[in-house]
Protein chains: 2
Amino acid sequence: MKHREFKDRLYEELGRVARAIDSPRRLELIDLLAQGERSVEDLAAEAMLSMANTSQHLQVLRGARLVEARKEGLRVYYRLAQAEVHGVARAVRGLAQARLAEVDHLVQTHLESRDELEPLPREELLRRIRGGRAVVIDVRPREEYRAGHIPGALSIPLGELDKRLSELPARKEIVAYCRGPYCVMAYEAVARLRARGRRARRLTDGFPEWRASGLPVQTSAQPR
Amino acid sequence: MKHREFKDRLYEELGRVARAIDSPRRLELIDLLAQGERSVEDLAAEAMLSMANTSQHLQVLRGARLVEARKEGLRVYYRLAQAEVHGVARAVRGLAQARLAEVDHLVQTHLESRDELEPLPREELLRRIRGGRAVVIDVRPREEYRAGHIPGALSIPLGELDKRLSELPARKEIVAYCRGPYCVMAYEAVARLRARGRRARRLTDGFPEWRASGLPVQTSAQPR
DNA sequence: CCGATATTCAACTACTCAATTGATTAGTTG
DNA sequence: CAACTAATCAATTGAGTAGTTGAATATCGG
């Protein structure tokens, strides 16, 4: 094989992986899969795509070996083939935010009062957990909580927050987290808690970043 | 702005960056730019693309703010906007190699006797340099050497290796490096040196990885 | 100002990709 | 086995993209 040919084929293969993550939809699917294993139906609903379309995107990802599938009964459950897949997605996100003023502007204006919500660094939260002085709530859907969550966190999906307020201590500061830096759920939760007179902050980033940085993770007994 | 709309626009922006690096050609250009600033003409020649085509790819990269341009006289010099751009490209490469058997197979078979050439880790080379007991040659084109190289390395472009053999000590082990893990020049250099009875090894990876890991870099006085 | 050179632009072709639709497969439940 | 469901497949549409070609722009040396 000549150098030219080798080089072309090599970059073509690299492009195959890169192309798998180049689509906005697929990036979103990867973000969702970073929360844990999900069925196609589930993913389609979350990403607001048609089943067929979702399935096709997943095929592309599978073709690049970025996700793996497991069939159980009627459903097919997809998961990331390895943690680095989300790592690359995160790298792209970081680069995008640094490079594209548009992204930063979008995030700033939509997730407004970004700084007012006083994001809490991971390390600080870990210290509080270890010291037993943290009230942490996971506002993601229960399924995502089951697949893995911060140790000691309560699962209170955003929709249940209002009616389960009483479960939370009145005086202590509550820390909310969700899927990641661009996920709106924790912002929303903090805003609502404050509206009810509670002290609340959100964790910087979300669960996938927590796990990626090697911090301890708790898993619920799962109906595998 | 509604959540749906926000989410769509966000992922669309992310896709813009991702799409910029999804093309095999552009990945190759990024690899070349990781060596240092280059003119369009130069890049076109290296990547074996037409001028117009190269220019267009560079426009795309510039649109995503991944590269910056500087005009000097007739020429336009492009460079990476920040080191992380190559970082993402490296991440993609790593993922591709881990995920696609094809890439591994390509690299294994083409850069054959991969292990026989005994790649030398960066840290070990650094120790030798500090101890003054390393003979390092940079086999990239002279221009890339000028833009930055490993301290103390001799610039011996691959084409000149044969006629400049006498400059190299006969007994000491020679360490060759080039552009990166998929660059064939160092392999070729080591093979030729061994054919002449010299002891030679290659550095794992290449110069961009050396720089990315924060090790010292030397720059020649440059005709900026 | 002329000719030469590096780069970009504009227009076009061939190709690839996202998404939709309707049909099909595989597995479950009554 | 029939009815139902989750997922995939096949075929089609429209949009976007890569690459080529030739013209336009900008800059330099004489």
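Given the structure is predicted, the values throughout are model-derived calculations rather than measurements. A note on names: the letters A, B, ... follow the listed sequences, proteins ahead of strands, and every chain is numbered from 1.
Residue-level contact check: Arg26(B) touches the backbone only, with heavy atoms under 4.0 Å from sugar-phosphate atoms and none from bases. Residue contacts for Ser39(A): at a heavy-atom cut-off of 4.0 Å it reaches the sugar-phosphate backbone alone, with no base atom in range. Residue contacts shown for Arg19(B) are limited to sugar-phosphate atoms, with no base heavy atom under 4.0 Å away. Using a 4.0 Å heavy-atom distance criterion, Tyr78(A) is classed as a sugar-phosphate-only contact.
Distance Asp22(A) CG to dA15(D) P: 19 Å, rounded to the nearest Å. Rounding to whole angstrom units, CZ of residue Arg70(A) and P of dG27(C) are separated by 15 Å. Atom CZ of Arg38(B) is separated from atom P of dA6(C) by 15 Å (rounded to the nearest Å). When the P atom of dC12(C) is taken as reference, atom CG of Asn53(B) falls 19 Å away, rounded to whole Å. Look at CG on Leu58(A): it is 15 Å from C1' on dA19(C), rounded to the nearest Å. Between Leu43(B) atom CG and dT8(C) atom P there is a gap of 11 Å when expressed in whole angstrom units. Note: CD (Glu41(B)) to P (dA4(C)) measures 17 Å, nearest angstrom. At whole-Å resolution of the value, CE in Met51(B) and C1' in dG19(D) are 15 Å apart.
Closest-nucleotide positions on DNA chain C for Ser55(B) and Ala52(A) were compared, and the one nearer the 5' end corresponds to Ser55(B). Toward the 5' end of DNA chain D, the nearer of the two residues Gly73(B) and Thr54(A), judged by each one's closest nucleotide, is Thr54(A). Taking for each of Ser23(A) and Leu74(A) the nucleotide of DNA chain C with the nearest heavy atom, the 5'-most of the two is the partner of Ser23(A).
Note on Gln56(B): every side-chain N or O is 4.0 Å or more away from OP1 and OP2 of dA18(D). Between Ser50(A) and dT20(C) there is a side-chain N or O to OP1 or OP2 distance below 4.0 Å. Note on Arg25(A): a side-chain N or O is less than 4.0 Å away from OP1 or OP2 of dA19(C). Taking 4.0 angstrom as the limit, His57(B) places a side-chain polar atom (N or O) nearer than this to OP1 or OP2 of dG19(D).
For Lys71(A), taking side-chain heavy atoms from C-beta onward, the closest of the listed nucleotides dT7(C), dA6(D), dA26(C) is dA26(C).
Of the charged side-chain nitrogens involved, none lies within less than 4.0 Å of a carboxylate oxygen, so that Arg26(B) and Glu28(B) do not count as a salt-bridged pair. Ion pairing of Arg164(A) with Glu167(A) is present here, as a side-chain N (NZ or NE/NH1/NH2) and a carboxylate O approach within less than 4.0 Å.
With sequence neighbours left out, Ser155(B) forms a side-chain contact (heavy atoms from CB on, under 4.5 Å) with Arg142(B), Tyr145(B), Pro157(B). Legend: residues meeting salt bridge (Lys or Arg N to Asp or Glu O under 4.0 Å) with Arg93(B), ordered by chain and number and at least two apart, are Asp31(B), Glu209(B).
Donor-acceptor pairing under 3.5 Å is lacking for the side chains of Glu68(B) and Tyr77(B).
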